[in-house]
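Written out below as structure tokens is the structure these notes cover.
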Amino acid sequence: MEVNPYVAVGILLLMAYVFFYLPAGYIRHVLIVLLVFIIGYALVMTVSEMPTFGAVDTPAHNVVPERYLGRAPEETGAVNVVTAIITDYRAFDTLGEVVVLFVAIVAALSNLKAR
Amino acid sequence: MPLLDFFLLSFLIVSAVAVARTRDLLSAVIIFAAYSLVMAIIWQMLGAPDVAITEAALGAGVTTFLFLATISKTQRLE
Amino acid sequence: MSLHLPVISIALLLLASFVMPLLRRGARAAALPFTLSVLGAVFTVSLYLIYLVESRGAFSYHVGGWPPPWGVELYIDHLAVYMMMVLSSICLVVMVYGARDLYHEIRAEVMSWYYTLYLLLLASMIGIALTNDLFTLFVFLEISTISACGIISIKKDRECIEASFKYLILSVLGSGCVLLGVAMIYMITGYLNYDFVAQELPQAIAEYPYNILMALSLFIVGFSVKSALFPLHIWLPDAHSSAPSPSSAVLSGLVIKIYAAAILRLLFRVFPAELFEVVPVLDILLFLSVLAVMAGSIFAMVQEDIKRMLAYSSIAQIGFVFMGIGLFGNRALLGGLVHIFNHALMKSMLFLAAGLIIYAAGIRNIRDLRGIGVRMPLTMGAFAIGAFSMVGIPGTNGFISKWHLALGALDLGRPFFVAIILLSSLLNGIYYLPIVINAFFGVKIEPRSEHRDVPGMMLVPVLILAAGVIFFGFYPGPILALLEQAIVL
Amino acid sequence: MKDIVIRTVCRVIVPFVQVYGLYVIFHGHLSPGGGFAGGAILGSSMVLFALSFHLEAGAQKLGHETSSYLESGGGIWYILIGLLGLALGSNFLTNRAAGLGFGLPGQLFSGGMIFLLSLGIGVKVASTMFTLFYNLSEEEGSGGDHQ
């Protein structure tokens, strides 16, 4: 997977030009379709290489889910492992999610009231 | 059950394209709610009931309400 | 107890922002002193943390008491405390200024919302600086995105809504890219913690090359959108120029930098060095940064609105930070990192000075600034110091970062980048110096009737920042000493 | 929407939806669900009530003031529980290691902090949903009659 930096920068510049500056028209349509095919090809290549869903030997099956599944009830007291993860093992992320809700509502209200 | 999987996933793709293509925002919102509902079923089939409950309540319920409230203050057609 | 201070400062900021909407009626007057005291406390904590990290080295904090691969880890090293100090100090000074200025830009009823968003923005940026976990990074990224849009769109202005909507859409797309990248990294390594991912990635390269490549490009695109690297800068001029002046100062000075610091951490602590031999990520960043430096300066030259010009100049200056990352030498990295602080100081000072001019004289157009130096000598003096620093005249802190960047480029045997730095300084001189010269020596135009006096509470922060620009131009020692330890990765 | 059928059906359905939402919140640590899902269900039940009757009717049940108190309160509650772990001599947001754990796994009152956090998240999410909906659709005196 040799990557040429000039080609990569060129594609990025072309994308930015097409998406942000090119006026609507026939050329823009053709270029957008072309770019979408390039991105889609890259994504398909990526997905085709991913480990099979649910396979035993995926990298995600390591010590992390082992402890979550095996010891969550005794360590956290919650029978539902998902809740044990989101409100105990990774409670800080959940605090972040609560703050996301809060900031969303503050931003929306400040917008509605500021008019 | 691969046939049901196939059916649901193709429904997802069709409704996603329909949301993007339709000019009527109200129908887009309704199609999007249907999309979320099917998505909830798929979460359940993938073995994630927590996500399925949240998706059903948020995707099919609250988002639709919020989109509708926004449409009622703006225009229905794009 | 002192090891808990990083998480306590984040919790304090979040708690203060939650309490803020509850301050009603009589308590509303307490909102400003409350905000300022919280910001001051966080600044004090960040200074203490610098001392702590200097004396006992980097340490990690396990939130919830769970060890790293299971729980969330905060990693407090030299870079993290440096970023925290930069963020909290600039936020504090800008808020002192904003206390007066905001009242003429936004309505009094939404002031407490503004403080809330401001505190949340600072909390999320500190979170991004401290975190050692990919998913926590994403969560704080979301908070910072939405709150940054919030402090733009709060102004009662059609233009502002439009600009912040554009910013929101692009920035959320960037967040989506980052989330997809995090998912891919999790899929192929099975971890979210930086250290564990870094441990697993070298083996994963052989097995999943496209996944790593795709995750890396998604991270780069996502963070470049957010930090306005050149071809993805499209949202920045509108957003930063139409926002209220304190928001512009924070957005331009801090918000775009923190994403650069985040990608720096990802590139050097998570992705293995072998990857960069195969995939020339650093070269790509370097080319983009050169384009950013040149394009930002050229676009800035043709602007008429002063805040718009400053916004375009930010695009050029973020290029220097990325140039430091892309050159990948110790000295160049030092230059890039110190430029984060230096540019935060001078750009927020310039935005505040521009805000003062707009407040006092109601002028936004650069050509109308002729002779304003006589009416507002202190403000324009500060502006002149900032302009000199932008150009990189010795004795100002802009010189220090450019000097280290240039030396770093020479160390690596790439004199081309020295030429770029010099050329960019020249271009900066072309558009900054005429403003200063015209302001002091230009033909005076009749002052308009709406001229207002400059309140001391607004002038003092600008002067403090100007003094900082001079001070760190002559004594960059402490900052450089801190950063020299930060880049020993 | 002055339709008698819709009003009657909603009047019957809303309590059940709310009870289900509370169940999902309280049983978060025992069965699938938790604060986010239950809060969303609870919030959408209130939105449903406000839609089928009138916006003012919804506002009477849950006023602006109360709603914003609940919203901030959820977040403050969460952080205070986190600080409780700190005060007990452990890290931020520590549960069992700080001595917060109680009850046997599988019982309703077990899991220490998890139960309390789910409650806070549920209240927060529900009030957020309702406040957002209310603020987006109020004004212009159209009440619940639009669409």
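We name chains A, B, ... by the order of the sequence lines, and we start the count at 1 in each one.
Only the side chain of D:I79 comes within contact range of chain C, judged by heavy atoms closer than 4.5 Å. The part of C:V7 that comes within reach of chain D is its side chain, from C-beta onward, which places non-hydrogen atoms under 4.5 angstrom from that chain. Proximity to chain C (any heavy atom under 4.5 Å) is shown, for D:S68, by both the backbone and the side chain.
Interatomic distance, C:W66 CH2 to D:N95 CG, rounded to the nearest 0.5 Å: 7.5 Å. Atom-to-atom distance recorded for C:L15:CG and D:I76:CD1 is 6.0 Å, nearest 0.5 angstrom.
At distances below 3.5 Å, not a single donor-acceptor pair connects side-chain atoms of D:S72 with backbone N or O atoms of C:V19.
Across C:H4 and D:N91, no two heavy atoms sit closer than the pair CE1-OD1, 3.2 Å. Minimum heavy-atom separation, D:F92 to C:V63: O-CG1, 3.5 Å.
Around the CD atom of C:E159, the shell of radius 6.0 Å holds no more than 12 heavy atoms that belong to other residues, nucleotides or ligands.
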For residues 165-173 of chain C, which side-chain N or O atoms pair as donor and acceptor with protein atoms under 3.5 Å away, sequence neighbours left out?
{"residue": "C:K166", "atom": "NZ", "partner": "C:D238", "partner atom": "OD2", "Å": "2.7"}
{"residue": "C:S171", "atom": "OG", "partner": "C:K226", "partner atom": "NZ", "Å": "3.3"}

